[in-house]
Q: 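Just passing along the structure, written as structure tokens.
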Amino acid sequence: MHKIIIIATAIGLSFSGLVFAQSKYELGTKLSPAEISALGNLKSFSVSSGTSSASAVAAANQNDPTRKISAAGSISARQATYRIVSASSGGGGYVIDDRGQVGKCDGVVLISGIATDLAKKAFDPYQASIVSVKVYDNLKIVSATFSNLAEAANARNELATKLTGATVSLPVIFDVPQLH
């Protein structure tokens with residue numbers, strides 16, 4: 001019985017490795033303009049960020065030189081554009097940011113900072129494109145996984161302007177988490 005579990009685990013790990021290997025990209029890799037143009041015409045989506053509390057996690061790179069700081073110390077609005085390199089079922093995929101860096105976005109929009117029942121209700125207009133909604137009451141966070149990245153980005157941008165006092169994000173990661 002234990003041999004079957006070990007074999008099944010080995011097969012599962014090898015398939016997950018194949019999926020990652022097929023992408024040909026590693027998180028955080030910076031592609032040259034020539035490499036990006038060789039990919040051809042890619043679908044893209046944009047996420048706006050600004051001085052409000054409804055900022056995109058994609059703009060969480062606090063050292064981002066493309067963000068301008070005013071004399072008063074506030075950060076001015078910026079639009080981040082991501083090109084989709086490879087999409088996966090369930091709405092996520094590999095993306096390239098406007099600096100050529102490879103990241104991964106799971107197509108999950110997170111809402112925090114408001115009551116979870118209000119956050120969950122805010123996703124109602126997007127039900128046709130949502131795969132799943134999860135409520136984390138103890139953390140006061142609601143997450144919705146969208147069927148594709150463009151719809152997730154549009155929902156994130158709309159919700160960020162509508163939900164006063166909420167933090168609305170569409171996480172994009174550029175590093176593989178490491179255990180220490």
Q: Between Tyr82 and Leu149, is any pair of side-chain heavy atoms under 4.5 Å apart?
A: no

Q: If you measure from OG1 on Thr29 to CZ on Phe174, what distance do you get to the nearest 0.5 Å?
A: 11.5 Å

Q: Are Leu170 and Cys105 close enough, and set up right, to give a side chain to side chain contact (heavy atoms under 4.5 Å, CB included), and what steps lead you there?
A: CA-CA 8 Å; Leu170 177 63; Cys105 181; 3.8 Å; yes

Q: Nearest 0.5 Å, please: how far is OG1 in Thr81 from CG in Asp97?
A: 10.0 Å

Q: Could you go through residues 109-121 and list every donor-acceptor pair under 3.5 Å that involves a side-chain atom there, pairing it with any protein atom two or more places apart or in another chain?
A:
from, atom 1, to, atom 2, distance (Å)
Thr116, OG1, Asp137, OD1, 2.8

Q: Any chance you could measure Ile84, atom CD1, to Leu39, atom CG, to the nearest 0.5 Å?
A: 13.0 Å

Q: So do Glu158 and Tyr126 actually touch side chain to side chain, heavy atoms under 4.5 Å?
A: yes

Q: Kindly indicate, with the supporting measurements, whether the criterion side chain to side chain contact (heavy atoms under 4.5 Å, CB included) is fulfilled by Leu31 and Val102.
A: CA-CA 7 Å; Leu31 302 179; Val102 177; 4.0 Å; yes

Q: My understanding is that only residues two or more places apart in sequence, or in another chain, count here; which of them pass side chain to side chain contact (heavy atoms under 4.5 Å, CB included) with Ser132?
A: Thr145

Q: To the nearest 0.5 Å, tell me how far Arg83 CZ sits from Asn41 CG.
A: 10.0 Å

Q: For Ser37, give me all partners under side chain to side chain contact (heavy atoms under 4.5 Å, CB included), at least two apart in sequence or on another chain.
A: none

Q: Nearest heavy-atom pair of Gly107 and Ala152: which atoms, and what distance?
A: O-CB, 3.9 Å

Q: Minimum heavy-atom separation for Ser143 to Val108, with atom names?
A: CB-CG1, 3.8 Å

Q: Side chains of Glu151 and Asn154: is there a donor and an acceptor less than 3.5 Å apart?
A: no

Q: In Å and rounded to the nearest 0.5 Å, what is the CD1 to CZ distance from Ile130 to Phe123?
A: 6.0 Å

Q: For residues Leu159 and Arg156, determine if any side-chain heavy atom of one lies less than 4.5 Å from a side-chain heavy atom of the other.
A: no

Q: Please give me the minimum heavy-atom distance between Glu35 and Lys30, naming the atom from each residue.
A: OE1-O, 4.2 Å

Q: Is the shortest side-chain heavy-atom distance between Asn138 and Tyr136 below 4.5 Å?
A: yes

Q: Are Ile36 and Ile96 packed together at the side-chain level, in the sense that at least one heavy-atom pair is separated by less than 4.5 angstrom?
A: yes

